[in-house]
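Only one structure is covered here, and it is reproduced in the block below.
Residue numbers start from 1 in every chain, and the chains themselves are labelled A, B, ... in the order their sequence lines are given, proteins ahead of strands.
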Amino acid sequence: MSALSNIILVGIGVLLTLASLWYGQNHHLLPEAAANSAPLFDSLFNSTITIATGIFLVVEGVLLYCAIRYRKRRGDRGDGDPNHGNVLLEIVWTAVPAVIILWLGLASLDVYQAVYGGADVGGHIHTAMAMEPSQDSAAGDPDYAYTPALLPGKEMGQPELVVQVQGMQYAWVFTYPESGLVAGELHLPLNKRVRLNMTALDVNHAFWVPQFRLKQDLIPGRETHLEFVPTQLGTYPIVCAELCGPYHGVMAGQLIVETPEEFERWQQEQVLAAGGEGGALALAADSPSLPLQHGHRLEFSPSESAFVQVHRQRLGLSPAELASLQLPLDAHSGDASRSFLP
Amino acid sequence: MTQLQDNPTLAAAPKASLDPPAEPWWRFFTFSTDHKVIGIQYLVTTFFFYLVGGALATAVRAELATPEADFLGFERYNGAFTLHATIMIFLWIVPALMGGFGNYLVPLMIGARDMAFPKLNAVAFWLVPPSGLLLLASLFIEAPSAGWTSYPPLSLISGKVGEELWILSILLAGTSSILGAVNFITTILKMRLPGMKMEDMPLFCWAMLAASIITLIATPVLAGALILLSFDLLAGTAFFNPSGGGDPVVYQHMFWFYSHPAVYIMVLPVFGMISEILPVHARKPIFAYKAIAYSSLAICFLGLIVWVHHMFTSGTPDWMRVFFMIATMAIAVPTGIKVFSWLATLWGGKIHFRSAMLFGMGFISMFVIGGLSGIILASVPLDIHVHDTYFVVAHLHYVLFGGSVFGIYAGLYHWFPKMTGRLLNEFWGRVHFVLTFVGFNMCFLPMHKLGLMGMPRRVAQYDPQFADLNWISSVGAFVLAISTLPFLVNAIYSWVAGPKAGDNPWQALTLEWATSSPPPAHNFYGDPILLTGPYDYGLHSKETLDYFAAQLQSLRELALAEAEPTTSS
């Protein structure tokens with residue numbers, strides 16, 4: 001190999017590295033980062049994208065180079081160079097990916113441990129799905145004693161707020177066991193460690209907040225958990241990520257991260273507004289409805305709140321019940337509301 | 001074992017008597033036990049289902065062209081994507097690769113007269129049409145709409161009739177796969193030409209062996225899951241139904257124990273075909289034969305122990321998440337070995353850019369993207385964010401369309417002359433490739449970003465912030481739909497009236513090219529002889545190959561002369 005081709009090769013290598021590094025930081029593929037878990041995800045994601053970009057450019061580059069350099073020339077009827085192996089080369093391209101995945105595996109473990117370490121996400125199987133929504137605080141839950149995880153894990157600290165999350169076709173219900181408050185929106189105080197204890201009332205759902213990079217399935221008959229610290233004020237979508245029926249796409253809630261003072265005020269207002277109606281079964285006075293995607297709300301008849309219904313029957317809304325509800329829709333209201341009826 | 005001819009059409013033309021007696025066209029509609037007939041039966045039937053699945057995909061993308069659910073509506077949308085996925089997997093990619101190419105090529109490549117169990121083979125094929133009819137019927141009765149994964153409890157409450165039709169259809173298709181797998185394993189292990197050792201086999205046979213082992217181990221578990229689901233659905237048992245104490249997560253384990261390895265069933269045979277196609281059109285030996293052969297077996301083994309990476313958010317315990325992350329990532333190593341070996345095969349070659357090669361190289365370029373996004377999905381913390389989003393939809397289509405379907409097209413262009421005796425039109429082949437390549441990337445590349453930004457999969461209605469990328473994607477899908485037309489017209493026209501291909505239009509060295517196109521009833525004239533290795537390009541002088549070709553020619557004349565008095569039609 002001549003000196004010139006060595007220089008060209010090194011130059012290409014440097015360019016590829018720079019391009020990969022640049023793209024790893026400037027891919028604009030992620031929404032804003034709004035919880036402690038998100039920056040950890042992002043740095044791992046960026047490194048992975050950097051490596052992936054490098055591999056992508058090498059493979060596509062070699063492919064294009066071969067297509068141009070080794071194309072059959074006019075009139076050439078011969079065969080190519082009958083080289084059919086090179087042990088050193090094969091060792092290199094076995095070892096390099098092995099090292100890369102070893103690094104990625106360890107880095108992933110690191111991030112996983114930092115985000116989930118100590119939190120027992122696995123959940124516990126309950127024998128039947130008709131179970132009491134847990135009113136226990138974290139301390140009172142016998143299952144919840146920081147089960148030693150596989151990974152020794154950092155000390156994550158006790159959660160400062162526990163919220164019971166229930167998923168049902170096609171709405172989220174959030175219960176704050178300390179105040180007994182029940183709401184259709186998830187309000188959380190800034191910079192406090194939160195634990196969500198989640199169950200599904202009918203079919204599988206998944207709780208996903210893209211800005212937090214966190215997702216956990218809600219499974220009927222067992223309780224699953226998520227723990228995190230919201231680190232940025234704002235309103236974020238709660239997306240159902242597990243197919244849960246025809247209206248899966250409109251099962252969306254809102255997560256509002258506010259200052260601890262605002263959060264306290266909101267909680268008090270809600271409890272007052274509920275005005276002793278069974279104590280625990282308060283319904284947000286200003287929102288007798290569940291927020292659906294982009295402005296739609298699932299309205300409930302004032303006489304009987306859906307939450308009361310849910311707690312009484314411990315069931316999700318059946319299609320018949322849904323039919324009794326009103327779903328105001330905007331432009332395309334005609335079709336959609338008709339098709340809402342079975 | 002094969003001849004190298006400068007001008008195959010001329011060489012074949014003057015001795016028309018050397019062609020085998022033409023067989024009647026209606027044999028394709030019978031319970032034929034000829035593996036070549038069965039292979040073509042599979043390919044044509046599954047291509048029909050590919051068009052149906054494609055039409056459903058186009059409807060899905062039409063729904064998603066705008067944020068509102070204003071085309072199919074919510075309920076029909078779920079039916080459409082459920083049927084789309086089911087048809088594409090169980091009635092197109094799996095049977096086209098295993099049943100279609102596997103049947104046609106394996107016996108020819110190893111010098112066998114037929115498959116080990118010809119009647120079983122025909123039974124396996126004839127299970128496919130009823131399986132397909134059940135699914136098509138569900139379109140008119142009640143479409144299954146719990147997704148192709150059909151997770152309970154949703155699948156237990158979204159329509160009994162549709163769900164049961166879906167289960168029965170997949171049980172039939174699965175049974176067909178299992179019968180096929182038994183046949184392939186026996187044929188490959190027991191019916192090779194005397195003197196052909198395992199390591200003399202074409203790499204496609206290694207890939208078929210690995211894919212058949214997976215089928216045999218994993219498919220019965222899916223059948224078990226579906227039978228239990230059937231009981232829950234119809235008899236009110238509670239294997240998976242939480243309201244009776246069942247555990248829906250157990251279903252997920254059983255389902256993915258088959259359905260992840262199924263990805264390798266859908267991609268290993270393509271790996272094998274690419275390993276056949278690249279050396280022929282680059283005129284070079286395959287690089288690192290043994291590494292490619294044994295990496296198929298490594299993928300087969302690892303593929304069986306990675307299924308929980310579909311369940312990282314299903315409340316699986318920590319140790320499972322960690323184990324399955326490491327196992328999943330490990331698959332990158334044997335897969336990487338293959339990709340790098342293919343690139344090295346091209347390096348220093350003399351690449352003929354025929355349509356088969358365009359799709360073959362297109363396969364490498366697209367499959368790499370699917371592989372890289374697969375690494376992201378293997379990492380537990382990264383997967384948790386993108387699981388069940390459009391990122392996964394993008395990934396799986398780069399693997400199953402950019403990978404499998406590009407590979408199937410490469411195979412069709414490469415072996416069409418062998419199967420029909422006629423050449424496809426190269427110009428329309430190129431048009432087909434360009435349209436497919438552009439449409440495919442337009443359709444699926446934007447989905448990566450959609451998923452990462454927050455769009456879940458399987459939704460009929462989505463946040464308007466995603467409208468632009470979805471629109472691009474839908475236009476891409478329409479281009480993709482149109483791209484099948486040039487192929488369809490080309491294939492039908494060429495089958496009837498294309499130019500004669502001759503025995504070996506690409507001057508390839510594997511055994512299927514050492515017989516006529518299409519091959520006679522029992523594949524070879526006299527006993528086939530192994531004269532060269534399968535990838536000996538550039539290793540023999542032109543004189544030697546001409547000599548081999550002449551030997552084959554006289555053997556054929558001898559065989560036909562002997563057969564003359566008995567064959568009268």
Side-chain angles (χ1 to χ4, degrees), chain A residues 29-31 41 44-45 48 52 55-56 59-60 62-63 66 70-72 76 79-82 84-85 90 93-94 97-98 101 104-105 108 111-112 115 122-123 125 127-129 149-150 203-204 206 210 213 215-217 219-221 224 239 241-243 246-250 293-294 332 339, chain B residues 68 70 73-75 78 147 151 153-154 242-243 245 248 282-285 287-288 291 313-315 317-319 326 329 332-333 336-337 340 343 346-352 361 364-365 368 372 376 379-382 384-385 387-388 449 452-454 456 458-461 463-464 537-539:
Chain A
L29 290 172
L30 291 167
F41 173 96
L44 178 63
F45 183 77
T48 312
I55 297 173
F56 172 79
V59 171
E60 307 290 349
V62 169
L63 199 60
C66 287
Y70 299 116
R71 69 186 189 279
K72 182 192 84 92
D76 188 345
D79 287 345
D81 160 30
H84 54 76
E90 290 171 41
W93 70 46
T94 308
I101 61 158
L104 181 63
S108 301
V111 171
Y112 182 56
V115 176
I125 303 171
T127 44
M129 87 184 252
L150 174 73
V203 298
N204 293 351
R213 322 280 191 264
K215 184 182 291 128
Q216 176 59 52
D217 288 4
I219 302 163
T224 52
V239 182
E242 180 67 60
L243 177 65
Y247 303 97
H248 166 54
V250 288
Q293 212 159 5
H294 38 98
H332 52 278
S339 63
Chain B
E68 291 82 25
D70 48 9
F74 291 99
E75 264 145 34
N78 284 20
Y151 280 6
L154 180 64
S243 57
R283 311 308 306 160
K284 262 196 67 189
F287 196 91
T313 68
S314 299
D318 276 341
W319 71 265
I326 305 293
M329 285 182 178
V333 176
I337 289 174
F340 295 128
L343 291 178
L346 297 175
W347 192 277
K350 292 185 176 171
I351 300 173
H352 294 242
M361 290 171 77
I364 299 178
S365 67
V368 162
L372 292 170
I376 290 176
S379 159
V380 175
L382 298 184
I384 284 174
H385 176 58
H387 176 71
D388 263 329
K449 179 162 185 168
L452 287 161
M453 293 298 288
R458 296 170 167 161
V459 295
Q461 180 167 330
D463 194 308
Y537 302 99
L539 287 173

Quiz item: Between A/Lys72, A/His84, A/Glu90, A/Arg71, which shows the greatest number of heavy-atom pairs under 4.5 Å with chain B?
Solution: A/Lys72

Quiz item: Roughly how far, to the nearest 0.5 Å, is the CZ atom of A/Phe56 from the CG atom of B/Leu372?
Solution: 8.5 Å

Quiz prompt | Nearest-0.5 Å distance that lies between atom CD1 in B/Ile326 and atom OG in B/Ser379 | solution = 9.5 Å

Self-check item: Residues B/Lys284, A/Asp81: salt bridge by 4.0 Å N-O rule
Solution: no

Exercise. Please look at A/Ala241 and chain B and tell me whether the side chain, the backbone, both or neither of the residue comes under 4.5 angstrom of a heavy atom of that chain.
Key: both

Exercise. For each of A/Ile55, A/Thr48, A/Ile219, A/Val59, tally heavy-atom pairs with chain B at distances under 4.5 Å, and name the one with the top tally.
Key: A/Val59

Quiz item: Can you tell me if A/Lys215 uses its side chain to pair, donor with acceptor, with the backbone of B/Ile384 under 3.5 Å?
Solution: yes

Quiz item: With side chains defined as the heavy atoms from C-beta onward, is the minimum distance between A/Leu30 and A/Arg213 less than 4.5 Å?
Solution: yes

Self-check item: Part of B/Leu452 within contact of chain A (heavy atom distance under 4.5 Å)
Solution: both

Quiz item: Pick from B/Val333, B/Leu343, B/Val368: which one has the most heavy-atom pairs with chain A under 4.5 Å?
Solution: B/Leu343

Exercise. Would you mind telling me which of B/Met361, B/Met453, B/His387, B/Arg458 has the largest number of heavy-atom pairs within less than 4.5 Å of chain A?
Key: B/Met453

Self-check item: Heavy-atom closest pair, residues B/Met329 and A/Ser108
Solution: CE-OG, 3.9 Å

Quiz item: Parallel under 30°, tilted from 30 to 60°, perpendicular over 60°: which one fits the rings of B/Phe74 and A/Tyr247?
Solution: tilted

Practice problem: Look at A/Asp76, A/Val111, A/Asn204, A/Leu243 and state which one has the largest set of heavy-atom pairs under 4.5 Å with chain B. | Solution: A/Leu243

Self-check item: Atom group of B/Asn78 that falls short of 4.5 Å from chain A, counting heavy atoms
Solution: side chain

Quiz prompt | When B/Leu382, B/Val380, B/Leu346, B/Ile376 are compared by non-hydrogen pairs under 4.5 Å with chain A, the top option | solution = B/Leu382

Quiz item: Quick one: what part of B/Tyr151 sits under 4.5 Å from any heavy atom of chain A, side chain, backbone, both or neither?
Solution: side chain

